[in-house]
Amino acid sequence: MSRSNPPRPRNRRLAVAVLLAAMLAGAALHAAEPGAAQLADLPLDDLLNLEVTGASRTAQRRSAAAAAVTVITAAEIKALGHRTLADALRTVRGLNVVYDRSYSYLGVRGFFAPGDYNTRVLLLIDGNRVNDNLYDQAYIGLEAPIDIDHVDRIEFIPGQGSPVYGANAFFGVINVVTRRLPDTASGATLALGSFNAREARATLRRGTENGLSWLLSASHYSSDGPDLFFEGQSSALAPDGHVRGTDYERRTGLRLAVDAGELALHALHADRDKGIGATVDMVLGDPRSRYHDQQSLLDLTWRRRLSDSSEWITRGFGGQYRFVGDYVLDYPPITVNRDDDVGRWWGVETRWLQRAWRAHTLQIGAEYQRSNTIRFRNSDLDDADTTYQDLDRTDERYSLYAQDSIELGERTIVDLGLRVDHQRGQPAQEHPRVALIRRLGSDWVAKAIYGTAFRPPNAFEAHYEVQGPGGYMSNPALRPERVRGGELVLDWTPRADTRLSLSAYESRARELIVLDFDSTANLYTFRNLGELRMRGLEFEVERQWRGGLMVRANASRQLADGSAGDSFAQLSPRQMAKLVAVVPLSGRWTLGVDAQAYSRRGAAAGHGIVNTTLSTRLPLARATLSLSAYNLLDREYDDPGSLPDRLPTVRQDGRTWRVRMDLPF
């Protein structure tokens, strides 16, 4: 897909974007230098050594975690005008987010699989698994079940996370930590933006004298989307290739949270309609082609303190995901073909945590999940209700795991983990993690990390089947993907407000599941065909002041090769550079800047963009007002398409804007 406008000089715009980002960073550092000296003697834990929970399931300082953890706080999210998890993750070193005008896809450290719905990354909300039981997808755009306004921080833990979390923690873990109820205020949010975008949210929080707190929030978002142009395509609805009204998006979200001391309940529901903005094989310009995603999650957690240093944690959980895909096809006659897929699951997890026992922090746990519904149905919405697939099955998995963080004196930590997973019809999986964390003097921390991970074939890959030319053939003999990797991390914190980090890593994945075409049957099918080696370097510098000024910049160099290189590595950039800055201005104003630069990704040329947000505190009722400009320089650029052979690139939006007001009450 492309627009009719002539392309602008790419190299010049990229240079301008990077130059502007560097100028802003330099101005921010110069403006804050006098105040920075006052923080030199403060404890390091006060500023950048943040608390994280996603690396080991328990709270620990980032310097003690067995990973190079990136933390994005709620203050940063608000100051930079992030609208979704995808916006925030774009600023993380080693990550590449691609939008195909339907979903947001995540590339990690040289790996990118178009259209795989982020199955090789595990998404957690407050440490609880979100990936569904149909596609194993981790949704990070507006399709995600959590509104970003409820987020206290986002933790990205790169590397192999299966020793801690099991399946899908293949290349990394995203842990979304929601705000504590006492830290959340009642209020309303109103926003307007480009393409007739409208957003409203209302949150009500109450607490009682006996310690019970609860929160109820509802939100709605709608956008008409931009007009699109498909060069070389036409239909009766779009004879010149210009399409209007097909890139719309609607989303409704609900959240309920209850905190009763030892007992906590968390429920989420999200319902999203998305017009298919980039089409292949569908009737061009017909707004009936759409995706509908509906997800509901429920989690009930009981935390029982056994002593000052130990606790027992048990949670029950359940979820439902429904996907409806409508595709307007010209057989002829013009017919709507529909996927109607439903997944339901429930489970229980229990673990025992013992802190400070003879210098050990020990966890032992067990988890069971039952998928009582895995249903795929594909049919035509015609008078005969012609059905191509109607599959309904069940599944289950259970696991045992143990972790131990051992303090060997004041400067050394050894982190050990092992998890054993069993899933019906698949071989048992045993995956370890070993990490050595060593403090080198008062300023330096070195980490050496090794771990393995796995991803079993999801239900779609193994069992989806639709006969006919261009259809799918099931392959229940698929085997789990496996990966092993190592990483060396060196962190230098010369003062309380400054951190520099360097990471070098290598991962080797085998038996990767690749979509293949069987020419004999004239059908697509998934097979274990791929091997991939990924290696790279990442550098990051971060500086933060108590006055609110913050600068973080990172650069990544990543390479991937192997038999799966054409499928999973060619669409990932080899170089990335990113900068975020939050600059307090005079009075009540704050400027947030987010700049990103990427090298070529397959058919999509390298590019750089700058996003800005200007916000202020209003004197009326503690309200805040913000104005955001995304792609400030109006850069024309493409993302790789989900079908590289048939739709190699997808044009992204030019400059867009959003104005937003938050009204606490």
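- In this model, no donor atom of one side chain and acceptor atom of the other lie less than 3.5 Å apart for His82 and Arg90.
- Using a cut-off of 4.0 Å between Lys/Arg side-chain N and Asp/Glu carboxylate O, Arg303 and Glu311 are scored as salt-bridged.
- Contact annotation: the side chain of Leu192 never approaches that of Arg660 to less than 4.5 Å [non-hydrogen atoms, C-beta and beyond].
- Among residues two or more places apart in sequence or in another chain, the salt bridge (Lys or Arg N to Asp or Glu O under 4.0 Å) test is passed with Lys274 by Asp247.
- Side-chain atoms of Thr394 and Asn372 include no donor-acceptor pair closer than 3.5 Å.
- When only modelled atom types and interatomic distance are considered, Asp395 and Ser371 share no side-chain donor-acceptor pair under 3.5 Å.
- Scored by the ring-ring contact (aromatic ring centres under 6.0 Å, His included) test, Tyr103 finds Tyr117, Tyr139, Tyr291 as partners (sequence neighbours excluded).
- The backbone N or O of Val650 sits nowhere less than 3.5 Å from a side-chain atom of Asp639 that would complete a donor-acceptor pair.
- The closest side-chain donor-acceptor pair between Asp116 and Tyr135, if any, does not fall under 3.5 angstrom.
- Using modelled atom types and a 3.5 Å distance limit, the side chains of Tyr464 and Gln389 yield no donor-acceptor pair.
- A search for salt bridge (Lys or Arg N to Asp or Glu O under 4.0 Å) contacts involving Arg272 returns Glu143, Glu249, Asp293, not counting sequence neighbours.
- A donor-acceptor contact under 3.5 angstrom links the side chains of Asp299 and Thr301, judged on distance only.
- With hydrogens and angles left out, the side-chain atoms of Asn128 and Arg315 include a donor and acceptor closer than 3.5 Å.
- Donor-acceptor pairing under 3.5 Å is recorded for the side chains of Ser399 and Arg419.
- Of the inter-residue distances, the one linking Ile313 atom CD1 with Gln363 atom CD reads 7.0 Å to the nearest 0.5 angstrom.
- In this structure, the side chain of Arg250 engages the main chain of Ser223 through a donor-acceptor pair within 3.5 Å.
- Checked for salt-bridge contact, Asp147 and Arg251 meet the test: a charged N lies under 4.0 Å from a carboxylate O.
- Residues forming a ring-ring contact (aromatic ring centres under 6.0 Å, His included) with Phe111 (at least two apart in sequence, or on another chain): Phe171, Phe568.
- Checked by atom type and distance alone, the side chain of Glu155 pairs as donor or acceptor with a backbone atom of Gly54 at under 3.5 Å.
- Side-chain contact check for Trp312 and Thr350: at least one donor-acceptor pair (N or O, by modelled atom type) lies under 3.5 Å.
- Distance check: Leu571 CG to Phe112 CZ gives 6.5 Å after rounding to the nearest 0.5 Å.
- The backbone N or O of Tyr99 sits less than 3.5 Å from a side-chain atom of Gln652, completing a donor-acceptor pair.
- A donor-acceptor contact shorter than 3.5 Å is absent between the side chain of Thr53 and the backbone of Arg57.
- Rounding to the nearest 0.5 Å places CZ of Phe460 at 12.0 Å from CG of Asp136.
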Checklist entry - Are Arg120 and Glu481 close enough, and set up right, to give a salt bridge (charged side-chain N to carboxylate O under 4.0 Å, His left out), and what steps lead you there? => result CA-CA 10 Å; Arg120 295 168 179 91; Glu481 301 177 337; 2.7 Å; yes

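- Salt-bridge check for Asp273 with Arg290: passed, with a basic side-chain N closer than 4.0 Å to an acidic carboxylate O.
- Counting only distance, with no hydrogens or angles, the side chain of Asn131 and the backbone of Val121 share a donor-acceptor pair below 3.5 Å.
- In this structure, Arg129 CZ and Leu122 CG are separated by 4.5 Å, a value rounded to the nearest 0.5 Å.
- The backbone N or O of Phe170 lies less than 3.5 Å from a partner atom in the side chain of Gln160, making a donor-acceptor pair.
- When side chains are defined from C-beta on, Arg153 counts as touching Val71, because their heavy atoms get closer than 4.5 Å.
- Take Arg344 and apply the salt bridge (Lys or Arg N to Asp or Glu O under 4.0 Å) test, not counting sequence neighbours, and it matches no residue.
- Judged purely by distance below 3.5 Å, without hydrogens or angles, the side chains of Thr91 and Asp594 never pair a donor atom with an acceptor atom.
- Considering only heavy atoms from C-beta on, Ile276 stays 4.5 Å or farther from Thr246 through its side chain.
- Side chain of Tyr630 to backbone of Gly81: a donor-acceptor contact under 3.5 angstrom is found.
- The backbone N or O of Val130 lies less than 3.5 Å from a partner atom in the side chain of Gln295, making a donor-acceptor pair.
- Within a 6.0 Å sphere centred on OH of Tyr398, other residues, nucleotides and ligands contribute 12 heavy atoms or fewer.
- Residues Pro640 and Val98 have side chains in contact (heavy-atom distance under 4.5 Å, counting atoms from C-beta outward).
- Here Asp341 does not pair with Arg322 in a salt bridge; the nearest charged N to carboxylate O distance is not below 4.0 Å.
- Atom OG in Ser379 sits 8.5 Å away from atom CG in Asp390 (nearest 0.5 Å).
- Side-chain atoms of Ile174 and Leu124, non-hydrogen and from C-beta on, never get closer than 4.5 Å to each other.
- Ion pairing between Arg179 and Asp183 fails under the 4.0 Å rule for side-chain N and carboxylate O.
- Side-chain contact between Thr58 and Arg355: present, with at least one pair of heavy atoms (C-beta onward) separated by less than 4.5 Å.
- Residues Ser626 and Ser615 have side chains that never bring a donor and an acceptor to within less than 3.5 angstrom of each other.
- The side-chain heavy atoms of Arg377 and Arg338, taken from C-beta on, include no pair separated by under 4.5 Å.
- Here the OG atom belonging to Ser296 is positioned 6.0 Å from the CD atom belonging to Gln320, to the nearest 0.5 angstrom.
- For the residue pair Asp132 / Gln137, a side-chain donor-acceptor distance below 3.5 Å is found, with atom types taken as modelled.
- With 3.5 Å as the limit, one finds no donor-acceptor pair spanning the side chains of Asn554 and Arg552.
- Defined by atom type and a distance below 3.5 Å, a donor-acceptor pair is present between the side-chain atoms of His150 and Ser217.
- Arg62 and Glu542 are joined by a salt bridge, as a carboxylate oxygen and a charged side-chain nitrogen come within less than 4.0 angstrom of each other.
- No hydrogens or angles considered: nothing links the side chains of Asp259 and Ser213 as a donor-acceptor pair under 3.5 Å.
- Side-chain polar atoms of Ser222 and Arg198 form a donor-acceptor pair below 3.5 angstrom.
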Checklist entry - Step by step, would you call Glu199 with Arg83 a salt bridge (charged side-chain N to carboxylate O under 4.0 Å, His left out)? => result CA-CA 11 Å; Glu199 183 178 0; Arg83 299 156 295 183; over 6 Å; no

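- A donor-acceptor pair shorter than 3.5 Å cannot be found between the side chains of Gln429 and Asp421.
- Within 6.0 Å of atom NZ in Lys78, 12 or fewer heavy atoms from other residues, nucleotides or ligands are found, so the atom counts as exposed in its surroundings.
- Between Ala197 and Tyr221, the shortest heavy-atom contact is CB-OH, 3.9 Å.
- Not a single donor-acceptor pair under 3.5 Å links the side chain of Arg370 to the backbone N or O of Gly347.
- Between the side chains of Asn631 and Thr656, no donor N or O sits under 3.5 Å from an acceptor N or O.
- Taking the ring-ring contact (aromatic ring centres under 6.0 Å, His included) definition, one finds that His431 meets it with Phe454, sequence neighbours left out.
- Within the 4.5 Å cutoff, no side-chain heavy atoms of Arg255 are placed close to those of His269.
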